[in-house]
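In what follows, every chain begins at residue 1, and chains take the letters A, B, ... in the order their sequences are listed. Small disclaimer: the values here were computed from a predicted structure and weren't measured.
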Amino acid sequence: MSSNDHGLHPTTQATDSLVRRLAGPSTNKAGLAKDQTEINRIIAEASKGSKFYENEKRKDKDLTERIERIIKYRDEVIKGVDLHQVEQGVDKLIAQLEAQRDLSQVIVHVDMDAFFASVELLDNPDLASKPFGVGGGVMSTASYEARKYGVRSGMPTFIAKKLCPDLIVLKSHYDRYSEMSNKVMAVCRRYDPNMSVVGCDEGYLNITSYCEEHGMTPDECVQDMRQKIHEETALTASAGIAPNKMLAKICSDRNKPNGQFKLDFEARAIKAFMRDLSIRKVPGVGRVNERLLESIGIKTCGDIYAQRGILSLMDKQFGLMFLLQSYLGIASNVVEPWQREEKKSIGAERTFNTLSDTAKIHAKLEEVAAELSKDMTEGQWTGKTITLKYKLNTFQVCTRAKSLDKWLSGRAEELFTLGKELLKPELPLTLRLIGLRVTKLKDLKAEAESKARGIKRFFNAAPPSPSKKRRIERTEHDEQEELPLSQDGFATSMPGYEDEIEAEHIAEEDVIEGDDIRSHRPPGSLKSKPKSSSAVPDNHAGPFGSARPPNSDRGSKRKPSSSASVSAATHKPSGAEDVIDSPEALLECPICSKMLEMDNQGLNEHIDFCLSKQAIKEAQASSLKPDSGSSQHGTKPLRRGLKPQSRGKSKDKVGGHGEGLLRFRKQD
DNA sequence: GCGGATCAC
DNA sequence: TATGGTGATCCGC
């Protein structure tokens, strides 16, 4: 709102980043062709002037400013630092991650080719080789022919038609997709009954035992599976074969459509594979994080290594561990079916033509309340927190939440009333969307079943989801037996490690109350945090939020802000140098809170060990849960300012880009 | 605990 | 003319 709009010069040219942003999130998916720049130009042109466009412009500006702050901060934080020494610290971390790489499991990611479009093609062969898409206002899927024109999922239909005037737009047939999806998954389950289904057209399998039992190579097995899928559904699938989920997913894209790609199960080959891979291909790195990383010179996973020093110093902004794992191609290899107890929220929302009239808005709210009520009832869920969501006609999104001291009844009327209460202080509004979501869920079905069995011990407690504890325990257990990583190879040789295992068990018990088992649980949280003046991982206020000017913590304490800045801890043991410098002092590990009697170097080694052990556990095990977890390959996401988030993979309903708008419920 | 962001499908 | 719906996680308050 500064210099423009005065008409002196025509609308300012859309910046590069804005044009790319407008092109949509799935720009780098498969099947594009032609000149992407030209396509982007057409999209930007078609969008120009719309409310949507203005909102994207605003977000782009915000991001640009955020990047400027990050760069400024980087330039500050780097002053007076021996980057080489920092890098050496990171290198030790890398070596420890590498040492724990697990190549023993054969993981497959299966991905149906243009699923909705392919199903439509089955039912209408005349569409063959024609550009067509499935969807209503926005495209759910485009045929490969249409993709050549730049048509993508998530793209509004009117723009798709500008790109491809001959585009045929079909309505969706959800029941049909669901039916075919079930057939496909049934085939896949023969190869791994424990497979993890993602959405309606994807899944992860662990075919290690299948290959063994049938004397097949992974390639043969997957070839066979894809052929069976084709025989039984006349649909084609692509697949990736690799030692973990992240790699398998990336590989499934490699020879799409109707192809498969197997990565060599060797660290060398994997690292070579990652080196030139665009960071954007890493699940969890979206458009925003791509730009943030690009701003510090990271475009490929190989660049992560080159920038490891900076990344260590800016762990808070970028999440060092996540990126190192991406660089190494290390991720979770745990494949499990989704379970009800993982569900954390249930909601409904609806977009409509802009409304300002409160009565009409209430009518929309009542509709979503009814929808949500239905889903809660049928799914047998209740919850304690209700969140109203609305989107202004400017596309800005707001949420308003309220936590109750009782469980919701789930009745439509109740949800509607609560929604109106949350909405009231906001009025008047001009909206294009309204929605309701319930969190802090309780699984009424599990409760009923348990009670029926006379097992009611934990369901009597309210909010803390009872299932969590069990999962944690099982998680730990699985980890011990199936991941060679937790073995004590280097444990015994590590100072101060003796009772580490025990300490962790205590931690698990204590943590059941924790709100997120997946969250980075600093071992320090076991008990009381170390309050000693020493190297407590203090959050040095980031560049944002104003808190503290970056330089203010320069001279004295540049401490590791988290797991990442190991390096810093190593070469510059944080604040209390006076203490640490005295050999033989009794020191408290900032990570595990253990009191250690050792010298400076000993402490540093212990800290390194502590951090890496924790990091490694998270890297390979934490995601331990099927995949809803942090990032789908299960590693700790880029934390803080920059972090990919997990993906929800609820199966009750699936939506989204890809084969997205599908709303199907999974039987059984 | 709440609200905003980001991401995946 | 016109840009979706469901769910998860993380950060900073």
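Which of C/dT9, C/dT6, B/dG1 sits closest to the side chain of A/Lys344 comes down to C/dT9. Of the candidates B/dC2, C/dG7, C/dT3, C/dG7 carries the atom nearest the A/Lys343 side chain, counting heavy atoms from C-beta on. With B/dC9, C/dG7, C/dT3 as the candidates, the nucleotide lying closest to the side chain of A/Arg437 is C/dG7. Checked against B/dG4, C/dG7, C/dG12, the side chain of A/Lys316 finds its nearest nucleotide in C/dG12. Distances were taken from every side-chain heavy atom of A/Phe158 (C-beta onward) to each of C/dA2, B/dC2, B/dC9; the shortest belongs to C/dA2. Side-chain atoms of A/Val198 lie closest to B/dC9 of the nucleotides C/dT6, B/dC7, B/dC9. The A/Arg350 side chain lies nearest to C/dG5 when the options are B/dG3, C/dG5, C/dT3. The side chain of A/Arg432 approaches C/dT3 more closely than any other nucleotide in the set B/dG4, C/dT3, C/dT6. The side chain of A/Glu349 has C/dG5 as its nearest neighbour among C/dT3, B/dG3, C/dG5. Comparing B/dC9, B/dG3, B/dA8 against the side chain of A/Arg280 picks out B/dA8 as the nearest.
Applying the 4.0 Å criterion to OP1 and OP2 of B/dC9, one finds that A/Lys249 has a side-chain N or O inside that range. Under 4.0 angstrom from either OP1 or OP2 of C/dT3 there lies no side-chain N or O belonging to A/Arg21. The side chain of A/Asn289 places no N or O atom within less than 4.0 Å of a non-bridging phosphate oxygen (OP1 or OP2) of B/dT6.
Mapping A/Ser345 and A/Ser47 onto DNA chain C by nearest heavy atom places A/Ser47 at the nucleotide closer to the 5' end.
Residue A/Thr157 is classed as having no contact, given no heavy-atom separation below 4.0 Å to the nucleic acid. Among the atoms of the strands shown, none is found under 4.0 Å from any heavy atom of A/Lys51.
The distance between atom CD of A/Gln396 and atom P of B/dG4, rounded to the nearest whole Å, is 10 Å. Rounded to an integer number of Å, the gap from A/Phe318 CZ to B/dT6 C1' is 15 Å. In this structure, A/Ile159 places its CD1 atom 12 Å from P of C/dT1, rounding to the nearest Å. Nucleotide B/dG4 holds its P atom 11 Å from the NZ atom of A/Lys389, rounded to whole Å. A straight line from CG of A/Leu433 to P of C/dT3 spans 12 Å, rounded to a whole angstrom. For the pair A/Leu372 CG and C/dT6 P, the computed distance is 9 Å after rounding to whole Å. When the C1' atom of C/dT3 is taken as reference, atom CZ of A/Arg287 falls 11 Å away, rounded to whole Å. Between the CG atom of A/Leu392 and the P atom of B/dG4 there is a distance of 10 Å, rounded to whole Å.
Of the N and O atoms on the side chains of A/Asp113 and A/Thr236, at least one donor lies less than 3.5 Å from an acceptor on the other residue. Between the side chains of A/Thr385 and A/Lys402, no donor-acceptor pair is found at a separation under 3.5 Å. Counting only N and O atoms by type, the side chains of A/Glu120 and A/Tyr177 include a donor and acceptor under 3.5 Å apart. Between the side chains of A/Thr64 and A/Arg291, a donor-acceptor pair is found at a separation under 3.5 Å.
Closest approach of A/Tyr53 and A/Ala44 over heavy atoms only: CE1-O, 4.3 Å.
The aromatic rings of A/Phe395 and A/Phe52 lie perpendicular to each other, with more than 60° between the two planes, well past the 30° mark.
Contact annotation: side chain of A/Thr351 to base of C/dT3, donor-acceptor pair absent below 3.5 Å.
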